[in-house]
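Presented below is the structure to which this report refers.
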Amino acid sequence: MDCIFCRIAAGEIPADVVARGEGALAFRDLNPQAPTHVLVIPRHHVPSAGHLTDAERAPVLGELMRLAVEVAAQLGLADQGYRLVVNTGANGGQTVDHLHVHLLGGRQMRWPPG
Ligand code: 5GP
Ligand code: ZN
């Protein structure tokens with residue numbers, strides 16, 4: 001499987017891991033778009049949220065969000081706030097086809113996003 005995030009999950013490519021959850025991993029984005037920019041991924045390969053089975057959708061997405069919120073608190077973002085984003089598919093701006101939640105914090109976010 002030629003997937004960069006699967007290779008990070010397998011430890012084949014180094015990453016700055018900040019937390020591990022049940023079946024999930026959080027590591028810093030290589031090209032940060034905010035002072036804090038962390039990616040939270042399932043360890044197993046799933047292209048996007050739409051590819052999860054009905055049975056796994058709630059537990060997998062729940063665990064990714066749970067870990068993202070935990071990391072946000074751990075990194076001191078809870079008081080000032082932060083943004084969680086899941087880019088999905090071409091129009092969503094997804095560039096890595098392995099499901100991931102972006103945790104962005106440390107600056108004022110704008111709306112609407114570009
Ligand atoms: P997307 O555009 O799919 O929503 O987000 C993919 C993210 O993965 C981008 O923010 C990009 O900077 C990040 N990324 C791509 N390759 C690597 C890598 O090898 N290591 C890390 N840590 N982040 C990566
Ligand atoms: Zn993958």
Side-chain angles (χ1 to χ4, degrees):
M1 169 70 67
D2 188 24
C3 169
I4 195 112
F5 288 177
C6 280
R7 297 185 69 192
I8 286 173
E12 293 170 16
I13 292 177
D16 187 355
V17 173
V18 295
R20 292 168 202 278
E22 198 174 319
L25 187 69
F27 56 90
R28 292 188 190 274
D29 197 292
L30 202 58
N31 183 24
Q33 301 301 313
T36 298
H37 188 171
V38 170
L39 301 171
V40 184
I41 67 166
R43 284 177 210 266
H44 72 291
H45 184 77
V46 181
S48 80
H51 294 80
L52 291 163
T53 65
D54 285 350
E56 66 187 352
R57 191 164 291 140
V60 171
L61 292 177
E63 174 59 7
L64 296 182
M65 286 306 211
R66 188 203 67 74
L67 188 57
V69 171
E70 184 180 286
V71 170
Q74 180 187 311
L75 297 180
L77 300 175
D79 286 348
Q80 293 293 312
Y82 52 87
R83 183 169 290 176
L84 301 177
V85 178
V86 184
N87 296 328
T88 305
N91 273 3
Q94 185 176 6
T95 60
V96 175
D97 289 334
H98 180 128
L99 173 62
H100 50 283
V101 174
H102 293 261
L103 164 61
L104 296 147
R107 68 168 170 83
Q108 178 65 57
M109 301 296 157
R110 277 164 279 283
W111 195 265

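We're numbering straight along the sequence, starting at 1. Whatever order the structure lists them in is the order used to number ligands and atoms, beginning at 1. All values below come from the heavy atoms of this structure, side chains included, with hydrogens, waters and symmetry mates left out.
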message = Quick check: closest heavy atoms across Ala9 and Ile41, and the distance to 0.1 Å?
response = CB-CD1, 4.3 Å
message = When you measure from the heavy atoms of Asp29 to every atom of ligand 1, does any distance fall below 4.0 Å?
response = yes
query = Given side chains that start at C-beta, do those of Arg28 and Thr36 come closer than 4.5 Å, heavy atoms only?
reply = yes
query = To which protein heavy atom is atom 3 (O) of ligand 1 closest, and what is the distance rounded to 0.1 Å?
reply = Thr95 N, 2.7 Å
message = Which of the numbered atoms in ligand 1 are under 4.0 angstrom from any heavy atom belonging to Gln94?
response = 3 (O)
key: Atom indices of ligand 1, in the order listed, that fall short of 4.0 Å to a heavy atom of Asn31   = 12 (O)
Just list the side-chain donor-acceptor pairs under 3.5 Å for residues 58-79, sequence neighbours left out, or say none.
{"unit_1": "Glu63", "atom_1": "OE1", "unit_2": "Arg66", "atom_2": "NE", "d": "2.8"}
{"unit_1": "Glu63", "atom_1": "OE2", "unit_2": "Glu22", "atom_2": "N", "d": "2.9"}
{"unit_1": "Glu63", "atom_1": "OE2", "unit_2": "Arg66", "atom_2": "NH2", "d": "3.2"}
{"unit_1": "Arg66", "atom_1": "NH1", "unit_2": "Glu70", "atom_2": "OE1", "d": "2.7"}
{"unit_1": "Gln74", "atom_1": "NE2", "unit_2": "Val18", "atom_2": "O", "d": "3.1"}

Nearest-0.5 Å distance that lies between atom CG in Leu30 and atom CD1 in Ile8 = 8.0 Å
key: Sub-4.0 Å atoms of ligand 1 with respect to non-hydrogen atoms of Asn87   = 4 (O)
key: Atom indices of ligand 1, in the order listed, that fall short of 4.0 Å to a heavy atom of Ile4   = 19 (O)
task = Write down the atom of Arg57, the atom of Leu52, and the distance for their closest heavy-atom approach.
result = NH2-O, 2.8 Å
remark   = The expected count of protein N/O/S atoms at less than 2.8 Å from the Zn ion (ligand 2) is 4
request  = Side-chain contact test, heavy atoms from C-beta onward, threshold under 4.5 Å: evaluate it for Gln33 versus Arg83 and give yes or no.
outcome  = no
request  = Run the numbers for me: atoms of ligand 1, each under 4.0 Å from some heavy atom of Ile8, listed by number.
outcome  = 20 (N)
ask   = In the protein, what heavy atom is nearest to atom 22 (N) of ligand 1, and what distance, to one decimal place, separates them?
value = Arg28 O, 2.9 Å
inquiry  = Give me the residue, atom name and distance of the protein heavy atom closest to atom 8 (O) of ligand 1.
reply    = Phe5 CZ, 3.4 Å
Separation of Gln80 CD from Arg107 CZ (nearest 0.5 Å) = 14.0 Å
ask   = With a cut-off of 4.0 Å, which atoms of ligand 1 are near a heavy atom of Gly93?
value = 2 (O)
key: Closest approach of any protein heavy atom to atom 15 (C) of ligand 1, naming residue and atom   = Val96 CG2, 4.1 Å
note = Per-atom filter on ligand 1: closer than 4.0 angstrom to a heavy atom of His100 are 1 (P), 3 (O), 4 (O), 5 (O), 6 (C)
remark   = The reported gap from OG1 in Thr95 to CG in Asn87 (rounded to nearest 0.5 angstrom) is 7.5 Å
ask   = CD/Glu12 to CD1/Ile4 distance, rounded to the nearest 0.5 angstrom?
value = 10.5 Å
request  = Quick one: look up the protein heavy atom nearest atom 24 (C) of ligand 1 and list residue, atom name and how far away it is.
outcome  = Leu30 CB, 3.8 Å
ask   = So is Ile13 polar-close to ligand 1, meaning N/O to N/O under 3.5 Å?
value = no
request  = Mark yes when over 12 heavy atoms from residues, nucleotides or ligands other than Glu56 sit less than 6.0 Å from its CD; otherwise mark no.
outcome  = yes
message = I need the Leu39 CG to His102 NE2 distance, nearest 0.5 Å.
response = 5.5 Å
query = Contact between His102 and ligand 1, counting heavy atoms under 4.0 Å?
reply = yes
message = Working to the nearest 0.5 angstrom, can you tell me the gap between Asp97 CG and Cys6 SG?
response = 11.0 Å
inquiry  = Regarding ligand 1, does Ala15 bring an N or O atom to under 3.5 Å of one of the ligand's N or O atoms?
reply    = no
remark   = Nearest heavy-atom contact between Pro32 and His37 is CA-ND1, 3.5 Å
query = How are the rings of His98 and Phe5 set relative to one another: parallel (under 30°), tilted (30 to 60°) or perpendicular (over 60°)?
reply = perpendicular
